[in-house]
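In what follows, a single structure is set out as C-alpha cells and then discussed.
Sequential numbering from 1 along the given sequence is applied to the chain's residues. Worth saying up front: this structure is predicted, and the values here are computed from it rather than measured.
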Amino acid sequence: MSRIKSPTRDLRQSHWTNLKIADYQARPLKTHLFGGKTGMEAVYRVAEIDCPLNVGTEEHPLIVSDRDFWWYIMAPKDSFFWLSSAFNRERELIEIYIDITAGSDFTDPVNPCYRDMYLDVVVSPEGRVKVLDADELEEAAREGKITEEEKKAAKEHCASLTDWLNTHAEELLDFCRQRLQEMAGA
C-alpha cells in the first residue's frame with residue numbers, strides 16, 4: 001500500500017489558488033537567525049485575488065491576503081520549517097505563518113520546495129506564538145497520509161521551533177519587516 005503524501009509547495013507558488021502574484025523577487029538567503037541559516041528568500045505582491053483571505057473570525061477578522069498585499073517567504077536549507085509573512089498595502093506586518101515541513105528540498109536551487117506536515121505556527125505582530133492545526137496532524141496520521149514516525153518528528157520540530165520563537169520573536173518580526181523593505185523597495 002502506498003501512502004498519500006501531503007501537499008508539496010515551492011517558493012514561486014502562493015499558498016492559495018485564484019491568486020496572481022506580481023513583483024516577484026527571489027535571492028539567496030543568509031541570516032544569523034535560527035543558528036545561521038542559508039537558503040532562498042522571496043517577496044511578492046498580490047496582483048489579483050478572487051476575494052480577501054480572512055483567517056480570523058466574523059467578529060475579529062484578520063485579512064492576510066488581498067490585492068496589493070505583500071508576502072515575504074523564507075526557505076531555509078537543512079530545516080523543517082518554511083516561513084511566510086503577510087503584510088498589508090501599507091506594508092505593515094499582519095502575521096508570520098510557519099509551516100512545519102518534512103524538510104526543504106533544494107533539488108532546484110532557485111525554486112526549492114517542501115512537503116507540508118500539517119502542523120503550523122503563527123507569530124502575531126506583538127510577538128505572541130501559537131501552534132495551529134494539531135488536529136490536522138492527527139487526522140493525517142489516522143488517514144495514513146503520514147506515518148507515526150513523521151507525526152512524532154513534526155511535533156518535535158514544532159516544539160523546538162516554538163521554544164526558539166518564545167525567546168526570539170521580536171528579532172524575527174524585525175527581520176521580516178526589514179527584509180520586505182529591502183527586497184520590495186520604497
*Given ring-ring contact (aromatic ring centres under 6.0 Å, His included), test Trp70 with Tyr44 step by step and report yes or no.*
CA-CA 6 Å; Trp70 289 86; Tyr44 68 83; 8.6 Å; no
Can you name the nearest heavy-atom pair linking [X] to [Y], along with the distance?
X	Y	answer
Pro52	Ile63	CB-CG2, 3.9 Å
Ser85	Ile96	CB-CG1, 3.9 Å
Tyr97	Val122	CD1-CG1, 3.5 Å
Pro125	Leu173	O-CD1, 3.5 Å
Ile100	Ala154	CG2-O, 3.7 Å
Val46	Asp66	CB-O, 3.3 Å

*Just wondering, more than 12 heavy atoms not from Asp78 lying within 6.0 Å of its CG?*
no
Could you tell me whether the side chain of [Y] reaches within less than 4.5 Å of the side chain of [X], counting heavy atoms only?
X	Y	value
Glu95	Leu62	yes
Asp120	Ile98	no
Trp82	Met74	no
Thr107	Pro112	no
Val131	Thr162	yes
Asp99	Val121	no
Tyr24	Leu11	yes
Ile21	Arg45	no

Test: [X] and [Y] ion pair at under 4.0 Å:
X	Y	value
Glu150	Arg115	yes
Lys152	Glu149	no
Glu182	Arg27	yes

*Measuring from Glu170:CD to Glu126:CD, what's the distance to the nearest 0.5 Å?*
9.0 Å
*Does the separation of the ring centres of Tyr114 and Phe81 fall below 6.0 angstrom?*
no
_Aromatic contact between Phe87 and Trp71, with the criterion being ring centroids under 6.0 Å apart: yes or no?_
no
*asked:* Test: ring pair (Phe, Tyr, Trp, His ring centres under 6.0 Å). Region: residues 125-150. Which pairs qualify, not counting sequence neighbours?
replied: none
*Does the side chain of Glu41 pick up a donor-acceptor pair with the side chain of Tyr72 at under 3.5 Å?*
yes
_Tell me whether Leu161 shares a hydrophobic cluster with Phe80, the cluster being built from Ile, Leu, Val, Met, Phe, Trp, Tyr side chains joined at under 4.5 Å._
no
